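Here you go, one structure.
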Amino acid sequence: MSTTMVAALNAALRDSLREDAGVHVLGEDVGTLGGVFRVTDGLAAEFGAQRCLDTPLAEAGILGTAIGMAMYGLRPVVEMQFDAFAYPAFEQVVSHVAKMRNRTGGRMGLPITIRVPYGGGVGGVEHHSDSSEAYYAHTPGLHVVTPATVADSYGLLRSAIASDDPVVFLEPKRLYWSAADFSPAEVATARVPPIGRAMVRRPGTSATLLTYGPSLPICLEAAAAARSEGWDLAVVDLRSLVPFDDETVCAAVRATGRAVVVHEAAGFAGVGAEIAARVTERCFHHLAAPVLRVTGYDIPYPPPMLEKHHLPSVDRILDAVARLQWEQ
Amino acid sequence: MSTTMVAALNAALRDSLREDAGVHVLGEDVGTLGGVFRVTDGLAAEFGAQRCLDTPLAEAGILGTAIGMAMYGLRPVVEMQFDAFAYPAFEQVVSHVAKMRNRTGGRMGLPITIRVPYGGGVGGVEHHSDSSEAYYAHTPGLHVVTPATVADSYGLLRSAIASDDPVVFLEPKRLYWSAADFSPAEVATARVPPIGRAMVRRPGTSATLLTYGPSLPICLEAAAAARSEGWDLAVVDLRSLVPFDDETVCAAVRATGRAVVVHEAAGFAGVGAEIAARVTERCFHHLAAPVLRVTGYDIPYPPPMLEKHHLPSVDRILDAVARLQWEQ
Amino acid sequence: MTVLDDSTAPGLVGPPHSHGPRRDPAPLLPDPEPVRILGTPAAKTFDAGLQRDLYRRLVLGRRFNQQATTLTRQGRLAVYPASTGQEACQITAAMVLRGVDWLFPSYRDTLAVVARGVRPLDALTLMRGHAHSGYDPYEHRIAPLSTPLATQAPHAVGLAHAARLRAAMDPASAEDLVALALVGDGGTSEGDFHEALNFAGVLGAPVVFLVQNNGYAISVPLASQSAAPSLAHKAVGYGIAGRLVDGNDALAMHSVLSAAVEYARSGRGPVLVEAVTYRLDAHTNADDATRYRSAAEVDAWRARDPLTLLERHLRAAGLLDDAGVAAAAQAAEDLADEIRAQFDDPPDPDPDSLFAHVYAQPTSQLREQAAELAARLDADADAAFPADTAFPADTAFPADADEDEAR
Amino acid sequence: MTVLDDSTAPGLVGPPHSHGPRRDPAPLLPDPEPVRILGTPAAKTFDAGLQRDLYRRLVLGRRFNQQATTLTRQGRLAVYPASTGQEACQITAAMVLRGVDWLFPSYRDTLAVVARGVRPLDALTLMRGHAHSGYDPYEHRIAPLSTPLATQAPHAVGLAHAARLRAAMDPASAEDLVALALVGDGGTSEGDFHEALNFAGVLGAPVVFLVQNNGYAISVPLASQSAAPSLAHKAVGYGIAGRLVDGNDALAMHSVLSAAVEYARSGRGPVLVEAVTYRLDAHTNADDATRYRSAAEVDAWRARDPLTLLERHLRAAGLLDDAGVAAAAQAAEDLADEIRAQFDDPPDPDPDSLFAHVYAQPTSQLREQAAELAARLDADADAAFPADTAFPADTAFPADADEDEAR
Ligand SMILES: Cc1ncc(C[n+]2csc(CCOP(=O)(O)OP(=O)(O)O)c2C)c(N)n1
Ligand SMILES: Cc1ncc(C[n+]2csc(CCOP(=O)(O)OP(=O)(O)O)c2C)c(N)n1
Ligand SMILES: [Mg+2]
Ligand SMILES: [Mg+2]
């Protein structure tokens with residue numbers, strides 16, 4: 001059964017709403033409209049307007065309200081309509097969502113899932129294509145998860161909603177309409193991917209691409225293209241940025257001795273910097289070359305007609321691979 | 001003349017207000033009270049309540065108003081009372097301050113200085129000790145500057161206010177009352193440190209400590225203590241995180257072949273990750289060991305009685321230096 | 001209607017022990033009914049030339065909305081949030097401002113931007129997608145269209161405040177300007193809206209906030225957005241005058257808005273105007289409005305189309321005849337031709353522009369990155385350039401391997 | 001005084017074309033004068049036992065404020081934001097709540113937290129500095145003290161809303177609870193305050209917002225904070241009932257707040273109460289209030305001390321005599337003794353607690369970091385442990401070397 005990522009996310013929400021009466025979806029346009037990306041399509045009809053609530057247009061208010069709901073034992077799933085429109089809620093995320101368990105000495109956890117459609121490649125006008133993962137990944141107390149496949153969209157969202165900790169769930173907009181042969185029924189509960197484990201999407205021997213979310217497909221494409229250059233590239237899909245799967249990542253890098261990190265967000269102080277730094281700390285003597293990064297430039301996200309230059313491309317990835325000091 | 005950092009900052013504001021009628025200070029309690037840290041002491045009295053304005057208590061409103069003032073050609077200097085209380089203004093910072101010049105094709109720049117007292121070590125209760133530099137450093141369009149010395153406080157703040165670009169000016173709270181022999185008159189305009197240049201605070205041959213703001217003194221202490229272990233540590237004060245002084249930093253690292261980055265902020269996806277990653281990219285073959293990091297733990301900032309464990313200490317820095325693979 | 005007069009401006013009343021200025025709320029409160037002029041005796045006193053001008057501009061505005069929507073269907077515009085049905089608000093917002101004033105539009109207010117004199121192509125640049133903004137904000141005194149909702153409201157306050165500061169410092173170059181901020185009904189829920197109104201009230205800044213209450217924030221109806229008697233009732237909470245007006249009555253809009261602007265200009269403080277109107281089209285061309293509102297509702301509002309209302313009135317008043325209608329229609333077609341012509345040249349944005357305006361001077365990091373891109377583009381120059389590096393939407397993914405096997 | 005009755009609750013009025021519920025604003029607006037009971041005929045009808053109880057609690061509250069301030073001078077408390085002068089607000093805020101209700105205090109509301117039953121030491125933990133919070137929010141139904149201003153207001157709305165959701169799902173376990181959020185006058189300027197009130201209004205959540213308008217936000221007077229006729233006038237903009245009360249009149253506070261709480265409990269919607277009061281002490285022990293306000297102003301308010309007002313009234317009404325005053329004073333000394341005793345043991349927070357509650361389960365990264373710290377602490381166990389690794393404040397820095405030389 002061919003399923004899009006949007007449909008898989010929708011199924012995950014539906015199944016969570018069915019199985020746990022505490023799950024509540026809230027956000028802008030999530031009810032009647034079913035969300036601007038239709039991820040919440042049909043939920044208000046099936047579960048009622050209260051379980052899938054159209055809120056006033058105020059992101060801090062949405063998240064603040066969700067915090068109060070979580071305090072009372074509910075399990076809110078919040079939709080931020082677009083990446084950049086989550087910024088008004090930043091204080092609530094950093095000062096409360098991330099800290100509540102800690103500040104109450106473990107007495108009050110906040111099982112909130114914050115869904116954020118993120119990233120570019122969809123021709124969005126300004127403020128509609130930000131990659132904001134670094135802001136969240138740098139904030140202790142949050143889990144930061146981003147699926148890249150249809151199956152993971154379902155499984156990781158289930159895991160996020162089931163988590164007793166807050167999860168920032170970053171949905172790659174450009175993959176929303178990607179499809180795969182997948183049916184939620186296949187995913188037995190036991191098989192729901194745990195948060196915090198990376199996945200080797202492609203084994204390889206020459207060098208390792210480390211990536212996540214929207215950039216996985218381009219890395220797989222690059223790996224395919226690299227064949228003709230004589231490189232056999234491994235591709236690791238991180239899936240969870242926090243917690244970080246040091247074990248899988250380091251094993252994959254040690255196996256090849258060379259690595260390139262790929263993401264859309266601006267490179268400077270991006271998550272790629274963390275990955276490069278920690279891989280280097282942990283695998284230094286296995287490295288034949290520095291861990292390189294292929295990322296968005298250090299610029300505000302460009303207008304639609306220029307985004308192709310900004311986004312990591314097969315070309316840029318292969319260029320980086322070529323710079324991995326093969327002659328040494 | 002012994003001058004505290006607070007006095008130097010105050011002098012920088014005063015001189016800027018005197019020299020440029022467009023400079024306006026605004027924020028919570030900056031007027032009559034002179035700021036909770038007294039950085040704006042006496043400015044309202046000298047320049048009037050309009051030039052040093054007590055605003056309503058609303059950080060997004062303060063920054064949004066400053067944006068409008070800058071649009072009209074003024075040069076606002078905004079005070080965010082504490083690091084964590086700048087988060088409500090995050091959307092204005094990320095979506096407007098950082099992007100306005102870019103989104104208007106260079107037609108509208110925003111010469112705003114955002115002063116943020118930041119970091120811990122002062123026994124502050126929760127939300128009063130955040131190190132938020134990574135959020136800003138990852139946001140293209142902002143300059144991010146943080147002085148560590150009395151002289152730099154004066155000079156860099158003058159430069160920040162004079163800059164035609166927005167500058168997030170991070171003031172290390174724990175150094176506010178540090179003092180040095182310094183008189184603003186000494187700093188001729190030509191000597192005002194340009195934004196974007198690091199400074200070698202201590203030459204050394206064994207390894208290089210890369211640090212900034214609140215962590216400079218502890219690095220200098222560590223360097224002094226390292227003597228007895230037989231290490232001669234260089235200490236580089238970055239001063240500006242964006243733009244980053246690759247030239248000075250890489251030269252200092254290449255000279256020793258070993259480096260440790262030190263900052264208070266949580267390590268994960270912190271600025272230290274960027275520094276480690278880019279130094280490794282650029283100096284790989286000069287490195288005898290991976291660039292290590294000594295940072296705050298990946299936890300919400302601790303309560304006052306526990307912060308000593310969280311902050312980089314001489315011990316932790318020397319431990320890291322010891323792990324720089326000397327036996328190789 | 002409750003006029004804006006000196007009784008609305010600050011004055012100290014209230015118990016001696018209260019903190020700060022406590023003023024009489026009455027003049028700040030809106031009337032329960034929106035101000036209407038069409039169909040009332042007041043219409044008779046309205047300048048005839050102005051009425052005709054309004055009509056012509058509304059017709060052009062409607063045509064602008066239609067043409068821009070057509071361009072999206074042709075793929076020549078990426079997206080367009082039409083203000084169809086809200087033309088009386090858009091046009092009067094531009095008309096009541098003087099050259100010295102500033103406009104702070106939201107993403108739906110392209111028409112107001114054009115009505116203030118920006119070339120359609122430049123006003124639509126954001127929606128076309130080759131640059132973030134196409135006009136010079138200083139040339140036109142219009143801030144770039146703001147997409148993050150309500151964020152432009154405090155900018156308007158700051159600019160208005162700055163103008164008064166400078167006027168005080170240097171009376172010779174004083175500009176008695178007013179800043180007009182446009183916000184939607186949904187936008188009033190944002191914290192930035194609140195903070196802007198509060199700053200405006202405290203600073204007494206010459207700002208007018210025009211809320212176009214078109215009944216929806218995308219799919220969310222006003223009832224889910226606010227429980228207030230009216231959005232104009234928010235004003236009193238900031239010590240600001242609040243006024244409620246029928247946004248589909250062009251004469252009422254013009255009259256209330258110009259009163260508000262001149263009130264603010266005269267130093268008597270900010271004003272919040274709520275215009276009750278309706279978005280006849282979907283949220284944008286990408287939206288399907290039938291998912292959240294009935295045809296009957298839309299029809300009822302179509303009957304209150306601002307153009308229809310004004311045309312009917314003008315004809316009845318003998319100010320407009322078939323020839324006048326035809327002339328306006330012709331001018332509208334000319335505008336549409338002009339817009340189409342402006343869109344004839346395909347845009348060819350320069351990749352170098354990515355790095356040019358991040359800072360006044362590019363950092364060394366950006367120079368490196370620009371050089372890297374330039375080198376790649378040079379290298380590609382001979383080779384066929386990949387049309388689009390975006391990932392094809394329907395590509396299947398490798399099925400997830402077994403968790404444990406994969407590790 | 002304008003009572004809270006059914007006329008305040010939602011009802012649809014207004015023109016047919018308007019979007020959503022447009023209700024009559026009149027019942028939502030506060031009276032121009034704050035509600036007062038002391039010195040009015042209404043005082044006579046007030047339950048005598050309740051009056052005596054209020055007095056006793058106010059005396060204890062005052063002593064709590066004094067004792068906590070003393071602890072800061074002794075270095076046993078890092079900081080304390082006293083609510084001296086605001087005891088009538090603090091005490092009644094706790095008193096009007098039932099066990100099932102929730103309190104959402106701000107950082108100044110330790111007294112209200114104690115008055116609701118939290119041990120002083122636990123209520124003061126945040127200010128003592130060994131942990132972020134010392135009480136179990138679920139045991140007491142009190143959210144942790146909120147330092148980021150107004151951020152707790154939407155939490156109150158969410159919790160109140162959740163309780164109603166759950167009650168609807170499972171009427172058997174229904175809790176008819178009310179959430180009471182405490183905010184300062186300065187806090188009302190924050191966007192979060194606005195968004196909370198708006199959500200409360202739209203959701204009809206059982207929340208009461210109590211704004212303690214003590215005239216200052218640190219040094220900033222109300223006049224620089226808001227130009228509104230009163231802060232209670234903000235309510236109408238959200239379709240919420242707004243009430244103004246004399247915050248130094250304990251009887252008025254009790255009566256208005258309990259009416260508000262029961263109004264909300266009955267499902268008639270949220271209420272915003274502004275209590276006009278005054279902070280007699282400085283912002284915190286670290287603040288110097290003489291920089292921004294006159295002794296004369298403070299003296300005038302001291303004359304309106306809520307304790308004085310209540311004592312005078314009770315004596316006049318024959319409800320209190322010297323013995324009663326002495327008994328309250330003795331109870332207050334007992335409380336002070338108890339607090340001092342609680343602070344006798346020096347705190348010894350466990351470094352391991354740094355990592356224990358970041359997540360339900362520590363990540364592998366945190367386990368590594370915890371192990372690293374534990375190892376260092378073990379190593380240090382024998383060696384003398386450095387008392388404080390913080391940088392000595394007066395250490396001089398190496399003078400900046402010449403820019404060019406240094407490179
Ligand atoms: C801060 C922010 N949140 C969310 C959005 C996404 N968004 C775009 S338009 C819109 C609805 C706006 O409604 P309203 O303010 O009534 O304006 P209208 O579209 O009716 O003109 C939303 C939610 C946004 N642009 N900015
Ligand atoms: C979001 C935020 N901004 C700034 C501060 C710093 N701050 C602490 S208390 C205070 C003044 C609060 O005034 P008010 O709300 O009137 O409460 P009061 O102190 O009078 O009880 C300020 C500015 C803060 N805690 N949170
Ligand atoms: Mg709308
Ligand atoms: Mg106050």
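Given the structure is predicted, the values throughout are model-derived calculations rather than measurements. Just so you know, these numbers use all the heavy atoms, side chains as well, and skip hydrogens, waters and symmetry mates. Below, chains carry the letters A, B, ... as their sequence lines are ordered, and counting in each starts from 1.
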Run the numbers on B:E59 and D:E190 for side-chain contact (heavy atoms from CB on, under 4.5 Å), then give the verdict. CA-CA 8 Å; B:E59 292 77 10; D:E190 289 282 2; 2.6 Å; yes
Let me know if B:V122 has heavy atoms under 4.5 Å from chain D in its side chain, its backbone, both or neither.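 When you check distances to chain D, no heavy atom of B:V122 falls under 4.5 Å.
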Taking side chain as everything from C-beta outward and backbone as N, CA, C, O, which of these in D:L149 sits under 4.5 Å from a heavy atom of chain B? Side chain, backbone, both or neither.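 Just the side chain, heavy atoms under 4.5 Å.
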Under 4.5 Å from any heavy atom of chain D - which part of B:Y297: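 B:Y297 touches chain D through backbone and side-chain heavy atoms alike.
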Side chain from CB out, backbone as N, CA, C, O: work out which of these in D:V79 comes under 4.5 Å of a heavy atom of chain B, or both, or neither.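 Only the side chain of D:V79 comes within 4.5 Å of chain B.
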Counting heavy-atom pairs closer than 4.5 Å to chain B, which one of D:A78, D:G184, D:P148 comes out on top?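 Result: the option with the highest number of such pairs is D:P148.
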With rounding to the nearest 0.5 Å, note down the distance linking CD in D:Q369 to CZ in B:F268.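 Answer rounded to 0.5 Å: 10.0 Å.
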Mind checking the CG-CG spacing from D:L373 to B:L306? Nearest 0.5 Å is all I need.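 Going from CG on D:L373 over to CG on B:L306, the span is 9.5 Å.
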So D:E372 and B:R316, do their side chains get closer than 4.5 Å, heavy atoms only?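 Touching, per the 4.5 Å side-chain cut-off.
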Please assess B:L57 against D:T188 for the test side-chain contact (heavy atoms from CB on, under 4.5 Å), listing each intermediate value before the final yes or no. CA-CA 8 Å; B:L57 208 168; D:T188 66; over 6 Å; no
Quick one: what part of B:E264 sits under 4.5 Å from any heavy atom of chain D, side chain, backbone, both or neither?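 When you check distances to chain D, no heavy atom of B:E264 falls under 4.5 Å.
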B:D298 CG to D:T363 OG1 distance, which is reported to the nearest 0.5 Å: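 Answer rounded to 0.5 Å: 7.0 Å.
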If I measure from the heavy atoms of chain D, does B:R202 come under 4.5 Å with its side chain, its backbone, both, or neither?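 It is neither, since no heavy atom gets under 4.5 Å.
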Nearest 0.5 angstrom please: D:S353 OG to B:M305 CE, how far?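 These two atoms lie 12.0 Å from each other.
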Could you tell me which portion of B:D319 (side chain, backbone, both or neither) has an atom closer than 4.5 angstrom to a non-hydrogen atom of chain D?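 For B:D319, the side chain is the part near chain D, not the backbone.
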Might you confirm whether atom CD of D:Q361 has over 12 heavy atoms from other residues, nucleotides or ligands at distances under 6.0 Å?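 For D:Q361, atom CD is not crowded (no more than 12 foreign heavy atoms under 6.0 Å).
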Can you tell which part of B:T55 gets under 4.5 Å to a heavy atom of chain D, answering side chain, backbone, both or neither?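 For B:T55, the contact with chain D is made by the backbone alone.
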Distance in Å, D:Y107 OH paired with B:H127 NE2, rounded so as to fall on 0.5 Å steps: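 Separation between the atoms: 13.0 Å.
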Select, from D:I218, D:V358, D:L366, the one with the greatest count of heavy-atom pairs under 4.5 Å involving chain B.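 With the most close heavy-atom pairs to chain B, the winner is D:I218.
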Looking at B:A252, B:G34, B:P303, B:P304, which one has more heavy-atom pairs under 4.5 Å with chain D than the rest?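 Top count of heavy-atom pairs under 4.5 Å with chain D: B:P303.
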Specify the closest pair of heavy atoms between D:T147 and B:H128, including all atoms of both residues, with the distance to one decimal.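 Heavy atoms only, the tightest pair is CG2-CE1, 3.3 Å.
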At their closest point, which heavy atom of D:S224 faces which heavy atom of B:P56, and how far apart are they?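 Smallest interatomic distance, heavy atoms only, reads O-CG, 3.5 Å.
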Could you walk me through whether D:D288 and B:R38 pass salt bridge (charged side-chain N to carboxylate O under 4.0 Å, His left out), step by step? CA-CA 11 Å; D:D288 174 7; B:R38 303 291 185 270; 5.3 Å; no
Let me know if D:D350 has heavy atoms under 4.5 Å from chain B in its side chain, its backbone, both or neither.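 Just its backbone gets close to chain B.
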Which pair of heavy atoms, one from B:T32 and one from D:R291, lies closest together, and at what distance?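 So the two residues come closest at CG2-O, 3.3 Å.
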Can you tell if the side chain of D:D380 reaches within under 4.5 Å of the side chain of B:D315, non-hydrogen atoms only?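 Sidechains of B:D315 and D:D380: in contact.
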When only pairs under 4.5 Å are counted, which of D:H132, D:M127, D:H130 shares the most heavy-atom pairs with chain B?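 Looking at each option in turn, the highest pair count goes to D:H132.
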Only pairs of heavy atoms separated by less than 4.5 Å count here; which of D:A217, D:P347, D:G187, D:P349 has the most with chain B?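 Going by pairs under 4.5 Å, I would pick D:P349.
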Could you give the distance from CG (B:D29) to NE2 (D:H283), rounded to the nearest 0.5 Å?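 One finds 7.5 Å between CG of B:D29 and NE2 of D:H283.
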